[in-house]
Structure formats: structure tokens, C-alpha cells
Amino acid sequence: MPELPEVETIRRTLAVHITDLRIKDISLKWPSAVSGWRDKDFKELVLGRQILALDRRGKYLLIHLDEEITLIAHMRMTGRLNYYPEPKEPDKHTHVVLTLERGEVHFSDVRKFGRIQAIPTSLCIQESSLSKLGPEPLDPQFTANMLRDRLAKKKVNIKGALLDQHVLAGLGNIYADESLFRAGISPQRPANSLTDEEIKHLHRAIQAVLQAGIDARGTSFRDYRDANGEKGQFEQALQVYGRGGHPCRICGETLERLRLAGRTTVYCPKCQK
DNA sequence: AATCATCCCTGATTGC
DNA sequence: TGCAATCAGGGATGAT
């Protein structure tokens, strides 16, 4: 599932191909995947626009167009944005095809949870779902003290707090589990029970895990692919995610699987306290 | 304000 | 082997 490192990889691989190109045609195979803004529909806002730059906020991909329009895309679990240099027949899960001056972008999603919205750029930050997001974990301005303050009022377990995009933007199930493992913190701990020392470790672990994920071009546990259809390489570096019942790579203890915040959670009962 | 349940979907996995 | 039930999961929404 695309989390911060995967969305960042999609952004980078897509930007190479589509920056500066104009959107010549739009085909909506499943119109529910897109939404416009006020009384203007998606096509009206997007058709003919030129792609200026690609940005990212948390797990949202932002495609800035001219005329002050921005596309906000979210892949949820199985969404993909693929670039094809030559015209290609859309597969059965492709919901939107953007035909560019050169090549096509296909937005597809097996589970139909992913969405693309067209919105005036100036409203991106204030009026969209991006407005309530927590800080960017890899932003130098995101400090351990900031993390401490944001966790201070949270009584839920730390796993649930890390998945809450209002606390921090971009962590999903994979990188939350991996961060907690690296920090040596049990996912069941109440978020507001962490010591300053533990929060420092967690802060460092989050940044290290996300950066390593980006460097490996993401985790392709199942569905994820970048804009070129390539898998990421981070799966082999995973310490806990998807490894419940297997031995801990550090101490050999059997990794435990449980359910927290409605998500499957894997951790090492010996390494994580 | 924080927390929790529900819903959206379909391919893969599990159960009988 | 075949079919049905269950599982997986991010975020919007509404209830508490």
C-alpha cells in the first residue's frame, strides 16, 4: 500500500515523464474516481491544462497545473499511477486515462478506494483534506520535541497514534510497525506514556525508516508499483511487517501478531518494550 | 477534542 | 475441487 516512500517514488518517477506536458484528453472509465470543485466538473477544470510540477503531502500526490489548478491524488491501498509513452488499452481496473502531448497517464485501482480531485491551487492547503494533516516526517522542521507535543494528548496506543495522519502525515501500517521496531517500543504502549528518550529514538527511527524506504524506491509487499510499473526493493529490509510468527531478525524470538487500531500489527515482544 | 464504528471494494486466502 | 465466507486496509463520515 502506498505510504510516504511509495508516493514519493511515484512522484519522482512520474515527474520525469509528465512535467511541462499539456493534458489533451481525459477518459473517465469509472467517473466516481474523480471529483471536481463546486459546480465545475473534473474535465472542465483539467482539460487543456499544462502540468507544472509534482508535489507530495503525506500520502497525497499533488499535480500542479497551470491556471491555478491542482490535482490531488490518493492511492489508498491499491491505487496506481502509471505512465505509458505510447497509447495503451486501459486494463479492467483503470478508472482514468489522461492523454498528454506525449504518452498517457493511467490511474487504476483494483479496490476502487483511490481518488483524484481537481481543486484551485490556492485552496489545496486550506479547504481540502490536506488542511488537517500533521507535519511532514522528513521535514527538517519536524523535531523530536514536536513529536513529543503531538503525542502528549494522545491516550491511544502508539501504533494508533502513528497511523493518525493528524499527528504525523505519511506513515501507514508498514512504516509504523517498522519505526516502532527500530525504536524498540511496543506498539501497545499508550502514546502519552513514552519518555523523552523513547520519543527521541522513535523520531530518529521514523526518519531513518522513511528515508531508507525512499532510497529503496518503496515496499512492494503486494500491489505497489511506481509510475514505470517497477516494484520497490524495501520489502527485503522489513524487520517485522508481514513477518508475524517468524523469528525476530535481531533476537530470534517469535514475532507476535495482534490487532491495534483496526490494523494487523507485528512486533517483537523481546526487543520492543 | 479525542476516540471509535461503519463504509467503501475486490482479489487472495481460508474453511468446509 | 468447488464454493462461500472471511480478510485486508486508509480515510471520510457520523456518533459518542
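In this text, all values refer to a predicted model and were calculated from it rather than measured experimentally. Just so it is clear: chains get the letters A, B, ... in the order the sequence lines come, proteins before strands, and each one is counted from 1. All values below were derived from every heavy atom in this structure, side-chain atoms included, with hydrogens, water molecules and symmetry-related copies excluded.
- Within the structure, every pair that satisfies the ring-ring contact (aromatic ring centres under 6.0 Å, His included) test and touches residues 143-177 of chain A, not counting sequence neighbours, is listed here: Tyr175(A)-Phe234(A).
- The salt bridge (Lys or Arg N to Asp or Glu O under 4.0 Å) check on Asp226(A) picks up Arg217(A), with sequence neighbours excluded.
- Under the side-chain hydrogen bond (donor to acceptor under 3.5 Å, both in side chains) criterion, the residue pairs touching residues 140-162 of chain A are Asn145(A)-Arg148(A), Lys154(A)-Asp164(A), Lys159(A)-Asn173(A), Lys159(A)-Asp177(A), Lys159(A)-Thr265(A), with sequence neighbours excluded.
- Here Phe181(A) sits in one hydrophobic cluster together with Val240(A), Ile250(A), Leu255(A), Val266(A); the rule is ILVMFWY side chains under 4.5 Å apart, joined directly or through other members.
- The stretch residues 57-65 of chain A comes close to DNA chain C through Lys59(A), Tyr60(A), each having a heavy atom under 4.0 Å from the strand.
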Got a list of protein N/O to nucleotides 2-4 of chain B N/O distances below 3.5 Å?
unit_1	atom_1	unit_2	atom_2	d
dT3(B)	OP1	Lys155(A)	N	2.7
dT3(B)	OP1	Val156(A)	N	3.2
dT3(B)	OP2	Lys154(A)	NZ	3.1

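- Residues meeting the ring-ring contact (aromatic ring centres under 6.0 Å, His included) test with Tyr84(A), sequence neighbours left out: His106(A).
- Evaluation of the side-chain hydrogen bond (donor to acceptor under 3.5 Å, both in side chains) rule for Glu256(A) yields Tyr267(A) as partners, not counting sequence neighbours.
- Chain A approaches DNA chain C within less than 4.0 angstrom (heavy atoms of the protein), and the contacting nucleotides run 5' to 3' from dA8(C) to dA12(C).
- A heavy atom closer than 4.0 Å to some atom of DNA chain B occurs in Trp30(A), these being the qualifying members of residues 28-46 of chain A.
- Legend: residues meeting side chain to side chain contact (heavy atoms under 4.5 Å, CB included) with Asp20(A), ordered by chain and number and at least two apart, are Gln50(A).
- Secondary-structure stems of DNA chain B, taken as three or more successive Watson-Crick or G-U wobble pairs (i with j, i+1 with j-1) under a 3.5 Å distance threshold, comprise B:2-16 with C:2-16.
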